[in-house]
Amino acid sequence: MTVEWVDSGPAGVAASIEETWSASGLFSVAAERESSYDALVIGCFGDPGLRGLRELLSVPVVGPAEATVHTAVQLADSYGWITPLDRTVAMARSRAHELRLSEALIGVYSLNLDPAELGRETALSQAFGAVGKKAAADGANTLVPGCMSLAFAQRHEEVASELPVPLLDPLALSLEQAATWARTGTIHSRRTYPEADRDRLETLLE
C-alpha cells in the first residue's frame, strides 16, 4: 500500500465546493500512476471524484463513504452518521440519499469541531465519544464516522471501545474492499461507468 499525495486542492473538505475542488486534483495523479496499482481508495470520506475516477481508470476504485455505509446497514438495522461540522450535516444527508440508504439513517450528528481541531487527537477522541453515545441513545445501532481523521490519527479502536454500538473504521473497510476486489478481479460496470475519452481530457490530465 502506498499513499499518493495530491498537490492541488483545499486543505480540507468542509463544503460541497471544496469537495468538488478536491476531486479535480485526483484525476491527473490517478491517471499517471494507475499502472502501478491494483486498486485505488479515495482518501476522503466524502468520496470526491468517485464516479469520474471509475470512468477514467480500469482498476477498482473504492469510496470510503460508499463502502462504510453499505457495511453499516449489513451489520444493523439503523445507523448514525457523525460529521465534523454543522455545515457538513446537509452534505452527509445528501450522500446517504445518493447511496439510497437514507431510510436506515437515524440522524447526522455534528462533532462541531473547527477543522484545525481535527488534528488534535484528544479533542477528536472526546468529541467522537460524546456524539457517538448520543447517536446510540437515539437508536443508531451502528455508527459511521463521516471523516477519515479518527482513522488517520490511529485512535479508532480507542474510541470504539467506549461506545455501546459498533463504530466502523472507514479506512480499514475501504482498504479491505479494495484488496478483495483486486484479488477477485472485480471491477465496476462499464454500462454504469462508461470509459472516459482521454483525448477530451488532455488539459485536465496534464
Side-chain angles (χ1 to χ4, degrees), residues 1-14 18-72 82-84 88 91 95 99 115-121 124-125 128 144-160 167-190 192-198 201-206:
M1 182 187 74
T2 302
V3 176
E4 297 282 3
W5 296 96
V6 177
D7 294 330
S8 61
V13 176
E18 293 173 352
E19 188 173 77
T20 302
W21 179 18
S22 69
S24 64
L26 295 175
F27 300 122
S28 59
V29 173
E32 178 184 349
R33 302 174 193 175
E34 175 183 9
S35 61
S36 301
Y37 301 105
D38 298 316
L40 181 148
V41 173
I42 299 170
C44 175
F45 193 83
D47 300 347
L50 177 60
R51 186 175 186 88
L53 286 167
R54 285 178 173 168
E55 292 177 353
L56 182 64
L57 306 179
S58 57
V59 298
V61 181
V62 176
E66 187 176 74
T68 307
V69 177
H70 277 281
T71 300
I82 301 174
T83 193
T88 55
M91 292 172 62
R95 189 72 183 113
L99 294 171
E117 295 291 310
L118 294 178
R120 295 180 55 191
E121 296 179 0
L124 186 65
S125 297
F128 258 104
V144 169
C147 176
M148 305 287 277
S149 299
L150 194 66
F152 289 148
Q154 298 184 336
R155 302 293 287 268
H156 180 271
E157 290 185 9
E158 172 191 329
V159 175
L167 174 68
L168 303 187
D169 184 341
L171 181 58
L173 289 170
S174 299
L175 290 173
E176 288 296 331
Q177 180 168 307
T180 299
W181 284 1
R183 186 174 61 253
T184 58
T186 303
I187 191 66
H188 40 271
S189 169
R190 280 300 181 205
T192 303
Y193 303 98
E195 184 174 3
D197 182 347
R198 295 200 180 200
L201 304 174
E202 184 176 353
T203 302
L204 176 66
L205 300 180
E206 289 178 348

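The residues of the chain are indexed from 1 along the displayed sequence. These numbers come from the heavy atoms of this one structure, side chains and all, not from hydrogens, waters or symmetry mates.
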Taking the side chain as C-beta and beyond, is there a heavy-atom pair between Ile42 and Leu50 under 4.5 Å? yes
State, with a plain yes or no, whether a side-chain heavy atom of Leu40 is found less than 4.5 Å away from one of Glu34. no
Does Leu167 reach the side chain of Pro145, with side-chain heavy atoms less than 4.5 Å apart? yes
Heavy-atom pair with the smallest gap, counting every atom of Ala182 and Pro60: N-CG, 4.3 Å
The side chain to side chain contact (heavy atoms under 4.5 Å, CB included) partner of Val61 among Leu56, Ile187, Leu53 is Leu53
Write down the atom of Glu66, the atom of Leu99, and the distance for their closest heavy-atom approach. CG-CD2, 3.8 Å
How about Leu201 and Phe27: do any of their side-chain heavy atoms sit closer than 4.5 Å? no
For the student: nearest non-hydrogen atoms of Gln177 and Ala67, plus distance: OE1-CB, 3.6 Å
For the student: nearest non-hydrogen atoms of Pro64 and Ser174, plus distance: CA-OG, 3.2 Å
Do you know which of Val69, Asp47, Thr88 makes side chain to side chain contact (heavy atoms under 4.5 Å, CB included) with Arg95? Asp47
Heavy-atom side-chain proximity of Val59 to Tyr37 below 4.5 angstrom: no
Heavy-atom pair of closest approach, residues Pro48 and Glu19: CB-O, 3.6 Å
Is it the case that more than 12 heavy atoms not belonging to Glu157 sit under 6.0 Å from its CD atom? no
Nearest 0.5 Å, what's the NE2-CZ distance between His188 and Arg51? 10.5 Å
If every non-hydrogen atom of Arg190 is compared with every non-hydrogen atom of Leu57, which pair is closest and at what distance? NH2-O, 2.9 Å
Side chain to side chain, Thr68 and Phe45, heavy atoms closer than 4.5 Å: yes
